[in-house]
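Working notes, structure below.
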Amino acid sequence: MQIQHLKELELITELKAGNQIAFKVLIKEQQGRVYNTALGILQNQQDAEDISQEVFLSVFQNINRFKIESKLSTWIYSITVAKSLEFIRSKKRKKRFALIQNLFGADNLEPIKDIPNFYHPGIQLENKERAAILFAAIDKLPENQKTAFILHKTEDLSYAEIAVVMDVTISSVESLMFRAKQNLQKLLEDYYKKNEK
């Protein structure tokens, strides 16, 4: 653990010095986590790739502001969550704008499409249909419940780590997870009731 901490301190020092090789090492170490977190929240592979690039650009531009009070990975998770949620809000604003324009008869509007049946690449083939239903339900959760659930279930972060990423207390994370599970249970029950033969 001590060696790992020392390695991270050295990496941060090199990053702050503008070392390009250190930045490549960071991307190699963190890109999977960043992409998976963004993908879990956004449920669109292209959007997750775009956000991942934005996250690393932000890390590169803001590394000198990073205080070594938390782990580097925790800080990167925070940036990923913030950028993913901002992307969703921006998309919703665009949808509302498009709807208003449609109501008032504006022509030549590009239709905004949501990709149905989102599949996470880490899910085995035989579970894809079940996973698509689960991810569709996760997507209906309130923003903070969805974030906590994704970080815990797909990224395996502890409640304490999620609390740091989301800037809330551990008891808040516990409450968010409890409500997320309740809501998911209800959403999935409703789905299966409607789709029972």
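The first residue in the sequence is number 1, and the count goes up from there. Atoms considered below: every heavy atom in the structure, side chains included; atoms not considered: hydrogens, waters and symmetry mates.
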Say you draw a straight line from [atom1] of [X] to [atom2] of [Y]; how long is it, rounded to the nearest 0.5 Å?
X    : Y    : atom1 : atom2 : result
E174 : M177 : CD    : CE    : 10.5 Å
S58  : R65  : OG    : CZ    : 8.5 Å
S90  : L85  : OG    : CG    : 12.5 Å
I138 : T154 : CD1   : OG1   : 8.0 Å
E49  : E54  : CD    : CD    : 13.0 Å
N183 : L176 : CG    : CG    : 10.5 Å

Is the backbone of [Y] close enough, under 3.5 Å, to the side chain of [X] for a donor and an acceptor to pair up by distance?
X    : Y    : value
T13  : L9   : yes
S175 : S171 : no
Q45  : L39  : no
N19  : L15  : no
E161 : S158 : yes

Does one hydrophobic cluster hold both [X] and [Y], with members joined at side-chain heavy-atom distances below 4.5 Å?
X    : Y    : result
L57  : L11  : no
Y77  : V59  : yes
L141 : F178 : no

Inset, instruction - Give a yes or no on whether K16 atom NZ has more than 12 heavy-atom contacts from other residues, nucleotides or ligands under 6.0 Å away. - result: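 Correct, the count exceeds 12.
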Inset, instruction - Please check if atom CG in N64 has more than 12 non-hydrogen atoms from other residues, nucleotides or ligands closer than 6.0 Å. - result: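 Correct, the count exceeds 12.
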Inset, instruction - Write down the atom of A136, the atom of Q43, and the distance for their closest heavy-atom approach. - result: N-OE1, 4.2 Å
Inset, instruction - Indicate the atoms forming the closest heavy-atom contact of I162 with A148, along with that distance. - result: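 Shortest heavy-atom separation between I162 and A148 comes out as CD1-O, 3.8 Å.
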If we only count heavy atoms from C-beta on, is the [X] to [Y] side-chain gap below 4.5 Å?
X    : Y    : value
S78  : V164 : no
N36  : I41  : no
F149 : R179 : no
Q31  : F56  : yes
Y35  : T80  : no
K153 : K181 : yes

Inset, instruction - Establish, from distance only, whether the side-chain atoms of T37 and R33 form a donor-acceptor pair under 3.5 Å. - result: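 There is no such pair (donor and acceptor under 3.5 Å, judged by atom type) between the side chains of T37 and R33.
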Legend entry - Between S172 and T169, a side-chain donor and acceptor under 3.5 Å: yes
Inset, instruction - Could you walk me through whether L157 and H152 pass the side-chain contact (heavy atoms from CB on, under 4.5 Å) test, one step at a time? - result: CA-CA 5 Å; L157 265 63; H152 185 58; 5.7 Å; no
Legend entry - Pairing of E143 and K146 as salt bridge, 4.0 angstrom limit: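 Result for this pair is no, no salt bridge flagged.
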Inset, instruction - Could you check N62 against W75 for side-chain contact (heavy atoms from CB on, under 4.5 Å), going step by step and ending with a plain yes or no? - result: CA-CA 11 Å; N62 297 296; W75 181 60; 4.2 Å; yes
Inset, instruction - Check each of I76, I27, D50 against V55 using the side-chain contact (heavy atoms from CB on, under 4.5 Å) test, and report the only one that passes. - result: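 The option that passes is I76.
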